[in-house]
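A quick write-up on the structure given underneath.
Only this structure's heavy atoms are used, side chains among them; waters, hydrogens and symmetry mates stay out. Keep in mind it's a predicted model, so treat the numbers as computed, not measured. Counting begins at 1 with the first residue of the sequence.
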Amino acid sequence: MNSLNLLLDDHYQIVKRSIEFLRAHQLEQPGLESLASEVNLSAPHLQKIFSAWAGISPKRFLQVLNQRYAREALKQQSVLETSMDLGLSAPSRLHDLSIACDAMTPGEVASKGKGLRLAFGWAPCPFGYVFLAWCDRGVCELSFHDAPIASIEAVFRKDWSGAQHIQDDDAARTLANK
């Protein structure tokens, strides 16, 4: 193996270990310094490697994990309880996180989109097909698939059963090409 391949493998392993650590310690809300210590790198070096490989910073990755956790938790508990579970300083932090990641408030997530108008559609992309869903504030769902799958739409409709659903594949293609 040449030196470039060794370096790439090292970087891959660093990012893999970082992701595993963030998932395992999500509710502790580890900062960049503790994550960097875990993988034996300086914080700026880890930030650079992680961002290059993952396409987002470790902090943003943790935010996405938190929002996924919150989406599930809000089905069964209050905004305050969910905020506390995540170690957030206040429910307003969960509100900010929810708007940033899902373009919806925690209340809208908990009510399964009650009163919202959600558009969705499929678009071809370099990875096969992308399923997109969005509201007036922005994109709230994005996933990649080999082909359009009816069961993905069914889960979307169930998860957001309080919302009005409008299929618009033309708009999805436009969004996917931005």
Side-chain angles (χ1 to χ4, degrees), residues 8 11-12 15-16 18-20 22-23 26 29 32 35 46-77 79 82-83 85-86 88 91-178:
L8 292 175
H11 286 184
Y12 171 83
V15 173
K16 180 179 183 244
S18 297
I19 289 171
E20 289 168 350
L22 289 171
R23 284 186 170 154
Q26 172 188 349
Q29 299 298 303
L32 183 59
L35 178 59
L46 174 61
Q47 177 86 6
K48 182 178 178 182
I49 291 170
F50 192 100
S51 297
W53 278 75
I56 58 175
S57 69
K59 179 179 180 178
R60 182 68 173 153
F61 184 84
L62 184 58
Q63 288 174 331
V64 171
L65 289 178
N66 288 339
Q67 183 54 26
R68 285 185 179 173
Y69 177 90
R71 246 195 204 190
E72 290 304 310
L74 286 167
K75 291 177 182 176
Q76 300 166 5
Q77 62 187 32
V79 172
T82 302
S83 300
D85 281 357
L86 285 169
L88 302 176
S92 63
R93 305 305 310 156
L94 181 57
H95 180 273
D96 295 345
L97 175 69
S98 190
I99 292 290
C101 291
D102 280 343
M104 294 186 191
T105 68
E108 290 167 338
V109 172
S111 72
K112 298 184 174 193
K114 185 177 181 183
L116 290 177
R117 180 186 149 149
L118 298 179
F120 70 95
W122 292 92
C125 72
F127 305 111
Y129 284 84
V130 61
F131 176 80
L132 288 160
W134 62 95
C135 63
D136 291 339
R137 288 188 209 108
V139 173
C140 58
E141 298 268 342
L142 181 144
S143 57
F144 298 100
H145 306 275
D146 292 332
I149 304 168
S151 62
I152 299 298
E153 291 178 27
V155 169
F156 165 75
R157 288 177 188 275
K158 180 181 176 225
D159 285 350
W160 302 108
S161 60
Q164 174 189 6
H165 306 116
I166 297 114
Q167 184 161 2
D168 190 343
D169 292 327
D170 290 337
R173 280 191 290 278
T174 300
L175 276 173
N177 288 318
K178 285 189 175 186

Checklist line | Residues His95, Leu88; criterion side chain to side chain contact (heavy atoms under 4.5 Å, CB included); working and verdict | finding: CA-CA 10 Å; His95 180 273; Leu88 302 176; over 6 Å; no

Next item on the list: Please report the C-alpha distance between Tyr69 and Gln26 in whole Å, then the side-chain angles of each, then the deciding distance to 0.1 Å, and finally whether the side chain to side chain contact (heavy atoms under 4.5 Å, CB included) criterion is met.
Entry: CA-CA 9 Å; Tyr69 177 90; Gln26 172 188 349; 3.3 Å; yes

Notebook entry, point to check: Going through the checks in order, is the side chain to side chain contact (heavy atoms under 4.5 Å, CB included) test met by Asp159 and Lys75?
Noted result: CA-CA 10 Å; Asp159 285 350; Lys75 291 177 182 176; 4.0 Å; yes

Item checked: Step-by-step side chain to side chain contact (heavy atoms under 4.5 Å, CB included) determination, His145 to Cys125 -> CA-CA 10 Å; His145 306 275; Cys125 72; over 6 Å; no

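With a 4.5 Å cut-off on side-chain heavy atoms, Phe120 and Glu141 do not count as touching. Using a 4.5 Å cut-off on side-chain heavy atoms (C-beta onward), Phe131 and Phe156 make contact. You'll find the side chain of Gln63 stays beyond 4.5 Å of the side chain of Ile56, heavy atoms only.
A donor-acceptor pair is defined here as one N or O able to donate and one able to accept, closer than 3.5 Å; no such pair exists between the side chain of Asp169 and the backbone of Gly121. Proximity of a side-chain donor or acceptor of Ser98 to a complementary backbone N or O of Met104 within less than 3.5 Å is detected. Side chain of Gln47 to backbone of Leu32: no donor-acceptor contact under 3.5 angstrom is found. A donor-acceptor pair under 3.5 Å is formed between the side chain of Ser111 and the backbone N or O of Glu108. Counting only distance, with no hydrogens or angles, the side chain of His165 and the backbone of Trp160 share a donor-acceptor pair below 3.5 Å.
With rounding to the nearest 0.5 angstrom, the CG atom of Asp168 is 15.0 Å from the CH2 atom of Trp122. Put simply, CG on Leu142 and CH2 on Trp134 are 11.0 Å apart, with the number rounded to the nearest 0.5 Å. The distance from atom CZ of Arg23 to atom CG of Leu65, rounded to the nearest 0.5 Å, is 6.0 Å. Here the CG atom belonging to Leu118 is positioned 13.0 Å from the CD atom belonging to Gln167, to the nearest 0.5 angstrom. Expressed to the nearest 0.5 Å, how far CG of Leu116 lies from OG1 of Thr105 amounts to 7.5 Å. The structure places CG of Leu74 at 4.0 Å from OG1 of Thr82, a figure rounded to the nearest 0.5 Å.
For Lys16 and Glu20, the salt-bridge test passes: some basic side-chain N is under 4.0 Å from an acidic carboxylate O.
Within 6.0 Å of CZ on Arg137 lie more than 12 heavy atoms contributed by other residues, nucleotides or ligands. Around OH of Tyr129, the count of heavy atoms belonging to other residues, nucleotides or ligands within 6.0 Å does not exceed 12.
What you find for Cys135 and Ala103 is that their closest heavy atoms are SG-O, 3.2 Å. Across Leu22 and Pro58, no two heavy atoms sit closer than the pair CD1-O, 4.0 Å. When all heavy atoms of Leu132 and Ala172 are compared, the pair lying nearest together is CD1-O, 3.5 Å. Closest of all the heavy-atom pairs between Arg71 and Val109 is CG-CG1, 3.7 Å.
Residues forming a salt bridge (charged side-chain N to carboxylate O under 4.0 Å, His left out) with Arg117 (at least two apart in sequence, or on another chain): none. Scored by the salt bridge (charged side-chain N to carboxylate O under 4.0 Å, His left out) test, Glu153 finds no partners at all (sequence neighbours excluded).
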